[in-house]
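Comments concern the structure below.
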Amino acid sequence: ILNVEQSPQSLHVQEGDSTNFTCSFPSSNFYALHWYRWETAKSPEALFVMTLNGDEKKKGRISATLNTKEGYSYLYIKGSQPEDSATYLCAFIPNDYKLSFGAGTTVTVRA
Amino acid sequence: NAGVTQTPKFQVLKTGQSMTLQCAQDMNHEYMSWYRQDPGMGLRLIHYSVGAGITDQGEVPNGYNVSRSTTEDFPLRLLSAAPSQTSVYFCASSREQTDTQYFGPGTRLTVL
């Protein structure tokens, strides 16, 4: 069982503000990191696949960075909107391909 | 494409009963997996399959069986339900084990 931690567990942000949160994972045996977005009463949907140290991905107002040497990834939301309210999951994939999910960061955007 | 489908959506069992959660995908994905989701614990992998005829255990396999006789289907069997198996179960599939996964809508199971 790999230790994949996400922090904070939850956060509240005012509409229009920007925010970020962290996924920490073992820095050895890195293969890939996935980010998923999980809206209430729906199923998780993939946001990003990150494979290279220094990788940066962007999708609209959401972006992610990756540091494999120190074992963390940040997800950023710029100018938060109510529709960004969701739980954001990271999934760490080591060299043996056995994926482990973090517990998620739940983001609530207040109008 | 229906994507990943799961049945039933809701189920209530009594302790000791057995049942099968169904999962099917129509995307010709090789990799399929089952997760359970419990409050504060995210998604935990129960069993997975990298192709028809091949299955392996995940993080929390005890009390569950799987088989993969076809590429499309990956049923999860609860052998003798226990209250600790009360959870939401998600099936997922992907082209390969390292690709991002497509999730089904989930099955909410309550064991009394």
Side-chain angles (χ1 to χ4, degrees), chain A residues 1-10 21-26 29-52 55 57 59 62 64 66 73 75 86-107, chain B residues 1-7 9-10 21 23-25 27 29-51 54-62 66 74 87-108:
Chain A
I1 299 172
L2 296 174
N3 194 20
V4 182
E5 294 186 350
Q6 291 190 246
S7 63
Q9 186 175 359
S10 64
F21 38 93
T22 310
C23 172
S24 301
F25 51 85
N29 299 323
F30 176 88
Y31 182 85
L33 187 90
H34 297 168
W35 279 101
Y36 290 82
R37 169 192 167 89
W38 193 357
E39 292 181 71
T40 303
K42 294 188 178 180
S43 303
E45 292 185 348
L47 276 173
F48 302 119
V49 176
M50 312 191 79
T51 56
L52 300 174
D55 217 356
K57 302 281 187 179
K59 194 174 196 175
I62 301 177
L66 178 68
S73 175
L75 194 83
T87 295
Y88 292 84
L89 297 173
C90 67
F92 169 67
I93 303 174
N95 285 335
D96 67 1
Y97 301 164
K98 290 192 176 181
L99 178 153
S100 294
F101 276 94
T105 293
T106 298
V107 175
Chain B
N1 273 359
V4 181
T5 57
Q6 290 182 237
T7 56
K9 287 192 175 179
F10 302 94
L21 307 185
C23 174
Q25 52 91 10
M27 297 174 281
H29 284 170
E30 290 296 325
Y31 183 76
M32 295 186 74
S33 53
W34 276 102
Y35 297 89
R36 58 178 289 172
Q37 188 240 336
D38 301 294
M41 302 191 76
L43 293 168
R44 291 187 291 169
L45 183 64
I46 304 171
H47 284 286
Y48 65 96
S49 169
V50 297
I54 306 169
T55 64
D56 204 350
Q57 295 181 351
E59 181 184 347
V60 288
N62 292 341
V66 291
F74 191 44
S87 188
V88 181
Y89 291 84
F90 287 94
C91 178
S93 75
S94 58
R95 191 170 52 93
E96 295 178 350
Q97 190 170 0
T98 55
D99 288 341
T100 54
Q101 298 182 61
Y102 292 80
F103 285 84
T107 294
R108 185 174 292 274

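Lettering follows sequence order; numbering is per chain, from 1.
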(message) Please classify the contact of B:Tyr102 with chain A as side chain, backbone, both or neither, using a heavy-atom distance under 4.5 Å.
(response) neither
(request) Flag the one option from A:Ala103, A:Ser43, A:Ala32 with the top tally of heavy-atom pairs under 4.5 Å to chain B. (result) A:Ser43
(message) Within the 4.5 Å heavy-atom criterion, are A:Cys23 and A:Leu75 side-chain neighbours or not?
(response) no
(request) Examine whether an atom of B:Asp99 lies under 4.5 Å from a heavy atom of chain A, and if so say whether it belongs to the side chain, the backbone or both; otherwise answer neither. (result) backbone
(message) Heavy-atom pairs under 4.5 Å with chain A: which of B:Gly104, B:Ala92, B:Gly106 has the most?
(response) B:Gly104
(message) Shorter than 4.5 Å, heavy atoms on both sides: which option in A:Pro44, A:Ala46, A:Gly102 has the most such pairs with chain B?
(response) A:Pro44
(message) So for B:Glu96, is it side chain, backbone, both, or neither that comes closer than 4.5 Å to the heavy atoms of chain A?
(response) neither
(message) Counting only non-hydrogen atoms closer than 4.5 Å, does A:Trp35 touch chain B with its backbone (N, CA, C, O), its side chain (CB onward), both, or neither?
(response) neither
(message) Consider side-chain contact (heavy atoms from CB on, under 4.5 Å). Of B:Val66, B:Ile54, B:Thr55, B:Asp56, which one does B:Tyr48 pass it with?
(response) B:Asp56
(request) Using distance alone, with no hydrogens and no angle criterion, decide if A:Thr106 and A:Thr87 have a side-chain donor and acceptor under 3.5 Å apart. (result) yes
(request) Hey, can you tell me if B:Phe90 and B:Phe103 have their rings parallel, tilted or perpendicular (30° and 60° cut-offs)? (result) perpendicular
(request) Counting only heavy atoms closer than 4.5 Å, note whether A:Tyr31 contacts chain B via side chain, backbone, both or neither. (result) side chain
(request) Of all the heavy-atom pairs spanning B:Arg44 and B:Glu59, show the shortest one and how long it is. (result) CD-OE2, 3.7 Å
(message) Counting only heavy atoms from other residues, nucleotides and ligands, does the tally under 6.0 Å from CD of A:Glu39 exceed 12?
(response) yes
